Enquirer: 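Sharing a structure with you now.
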Amino acid sequence: MFDRSVSFASPTGTFLWTLKNQPRVCNIGARTDRYTRILGRSTTASTSGRWLRAHSRRLAVGGVFSTSMASADDLKKQVGYKAVDDYVRSGMVVGLGTGSTAAFAVERLGQKLAAGALRDIRCVPTSVRTEEQARSLNIPLTTLDEDAELDVAIDGADEVDSALNLVKGRGGALLREKMVEVCAKQFIVIVDESKLVPGLGVSGAMPVEVTPFCWQHTMRKIAALPALAGCRAEARRDAAGALYVTDNGNYIVDLYFEKPIADAYQAAQALRDTVGVVEHGLFLDMASVVIVAGAQGVYEKHR
Ligand SMILES: O=C[C@H](O)[C@H](O)[C@H](O)COP(=O)(O)O
């Protein structure tokens, strides 16, 4: 359940969260004997809450907690914080991704800027949502028009395959994300293990951004592409049933596959060649590093 060799990006956060949530305290108590064995100290389950509180710093520094106790948000926070701690330095131009995982990286960047641990950073946000979060944290912003070369970009993903190719855009931000992330010297992807897939297109939609002009015609063209054989195309709608509109004023066609996309490169090329398609959610050969949080802790996959 936990392992001396595992190191966590943000174990303190996980631990504090665990203590605050009563059902999880029981889990900790049940495992106290294992913690004490590692630290060479005896205690009883009944004193575990007090004992763990007193030793939380030592436990956190030792990094012995298992992410099996962590919530999905804890895992996202671990990778979001680690990406900023390990890959962002003062003076850099940074691409800020979109989504629930990327939001933790933005949060960390804001914290480090406020604390003076990072200075002279300029960031390019990949969506209106991210821009608003960054502004609320006083993160200095720039655009690709002013800063066309980024040192690093950090973003989540919907799927990651074994070659570190990605599906992105289930949150609707794919166009700006791809525009920004192709300009980064290093593109750091942050995910929890649930995003790792044996082949792209299996866990949900592969989004395609299309122009509103004759979008149904474009959707039919996409669905008929031989490189996408077997896909079902559906226009994305909001909760009220209206067509979903991206930050760029476009629509999204979601493609659903029963089997992994046979050849993602062919599929990407066929989509690029379809007039009316603005961008698609296949991010191929782009990720430099994928930081993964899972049951065995946090680890990196490099291209
Ligand atoms: O359009 C959204 C983006 O591509 C997100 O990065 C992606 O959907 C992953 O989001 P989350 O971290 O919330 O799972």
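Remember, it's 1-based here, ligands and their atoms both numbered in the order they're listed. Keep in mind it's a predicted model, so treat the numbers as computed, not measured.
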Enquirer: At less than 4.0 angstrom from any non-hydrogen atom of Gly171, what atoms of ligand 1 do you find?
Expert: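 Those qualifying, in numeric order: 1 (O), 2 (C), 8 (O).
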Enquirer: Inspect the contact between Arg303 and Asp285 and indicate whether a charged nitrogen and a carboxylate oxygen are less than 4.0 angstrom apart.
Expert: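 A salt bridge links Asp285 with Arg303.
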Enquirer: Starting from the C-alpha separation in whole Å, work towards a yes-or-no answer on side chain to side chain donor-acceptor pair (under 3.5 Å) for Lys221 and Thr274.
Expert: CA-CA 8 Å; Lys221 286 276 185 200; Thr274 304; over 6 Å; no
Enquirer: For the residue pair Asn248 and Glu209, establish whether any side-chain heavy-atom pair is separated by less than 4.5 Å.
Expert: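 Yes, at least one pair of side-chain atoms sits under 4.5 Å.
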Enquirer: Has ligand 1 got any nitrogen or oxygen that is less than 3.5 angstrom from a nitrogen or oxygen of Lys76?
Expert: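 No; every N/O pair is 3.5 Å or more apart.
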Enquirer: When you measure from the centre of the six-membered ring of Tyr244, is the NZ or CZ of Arg237 under 6.0 Å away and within 45° of the axis?
Expert: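 Geometry flag: not set, cation outside 6.0 Å or 45°.
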Enquirer: Is it true that Ile252 and Leu175 fall in one hydrophobic cluster, defined by side-chain heavy atoms closer than 4.5 Å?
Expert: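 No; tracing contacts between hydrophobic side chains, which count when under 4.5 Å, never links both residues.
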Enquirer: Below 4.0 angstrom from a heavy atom of Arg170, which ligand 1 atoms are there? Numbered from 1 as shown, please.
Expert: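 Reading through ligand 1 atom by atom, the close ones are 1 (O), 8 (O).
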Enquirer: Just heavy atoms, cut-off under 4.0 Å: does Val191 contact ligand 1 by side chain, backbone, both, or neither?
Expert: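 Neither; no heavy atom under 4.0 Å.
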Enquirer: Counting only heavy atoms closer than 4.0 Å, does ligand 1 sit against the backbone of Thr98, its side chain, both, or neither?
Expert: backbone
Enquirer: Do Glu159 side-chain atoms and Gly201 backbone N/O form a donor-acceptor pair below 3.5 Å?
Expert: yes
Enquirer: Determine, step by step, whether Asp273 and Gln269 satisfy the side chain to side chain donor-acceptor pair (under 3.5 Å) criterion, reporting the C-alpha distance in whole Å, the side-chain angles of both residues, the deciding distance to 0.1 Å, and the verdict.
Expert: CA-CA 6 Å; Asp273 291 347; Gln269 185 62 53; 3.1 Å; yes
Enquirer: Counting both backbone and side chain atoms, is some N or O of Leu174 under 3.5 Å from an N or O of ligand 1?
Expert: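 No, Leu174 has no N/O under 3.5 Å of an N/O on ligand 1.
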Enquirer: To the nearest 0.1 Å, how far is atom 1 (O) of ligand 1 from its closest protein heavy atom, and which atom is that?
Expert: Ala173 N, 2.9 Å
Enquirer: Would you mind listing which atoms of ligand 1 come within a distance below 4.0 Å of any non-hydrogen atom of Glu177?
Expert: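 Counting atoms of ligand 1 from 1, those under 4.0 Å from Glu177 are 1 (O), 2 (C), 3 (C), 4 (O), 5 (C), 6 (O).
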Enquirer: Do the side chains of Lys185 and Asp151 get close enough for a salt bridge, i.e. N-O under 4.0 angstrom?
Expert: yes
Enquirer: Under a 4.0 angstrom heavy-atom cut-off, which atoms of ligand 1 come close to Asp155?
Expert: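 In order of numbering, the contacting atoms are 6 (O).
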Enquirer: Identify, by atom number and element, the atoms of ligand 1 in contact range of Asp158, meaning under 4.0 Å from any of its heavy atoms.
Expert: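 The atoms of ligand 1 under 4.0 Å from a heavy atom of Asp158 are 7 (C), 8 (O), 9 (C).
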Enquirer: Show the atoms of ligand 1 that are less than 4.0 angstrom away from any heavy atom in Lys168.
Expert: 3 (C), 4 (O), 5 (C), 6 (O)
Enquirer: Which residue owns the protein heavy atom closest to atom 12 (O) of ligand 1, what's the atom, and how far is it?
Expert: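 Scanning the protein heavy atoms, the shortest distance from atom 12 (O) of ligand 1 goes to Thr101 OG1, 2.6 Å.
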Enquirer: Is ligand 1 under 4.0 Å from a heavy atom in the side chain of Lys195, in the backbone, in both, or in neither?
Expert: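 Under 4.0 Å from ligand 1, Lys195 contributes side-chain atoms alone.
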Enquirer: Decide, yes or no, whether a salt bridge links Glu193 with Lys195 under the criterion of side-chain N to carboxylate O below 4.0 Å.
Expert: no
Enquirer: Identify the protein heavy atom lying closest to atom 11 (P) of ligand 1, giving its residue, its atom name and the separation to 0.1 Å.
Expert: Ser100 OG, 3.4 Å
Enquirer: Charged N to carboxylate O under 4.0 angstrom, Lys112 versus Asp85?
Expert: yes
Enquirer: On the 0 to 90° scale, with breaks at 30° and 60°, tag the Phe283-Phe187 ring pair as parallel, tilted or perpendicular.
Expert: tilted
Enquirer: Report the part of Pro207 (side chain from C-beta onward, or backbone N, CA, C, O) that has a heavy atom under 4.0 Å from ligand 1; answer both or neither where that applies.
Expert: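 None of Pro207 does.
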Enquirer: Within a distance under 4.0 Å of any heavy atom of Gly99, pick out the atoms of ligand 1 and give their elements.
Expert: 13 (O)
Enquirer: Would you say Gly169 touches ligand 1, if touching means a heavy atom closer than 4.0 Å?
Expert: yes
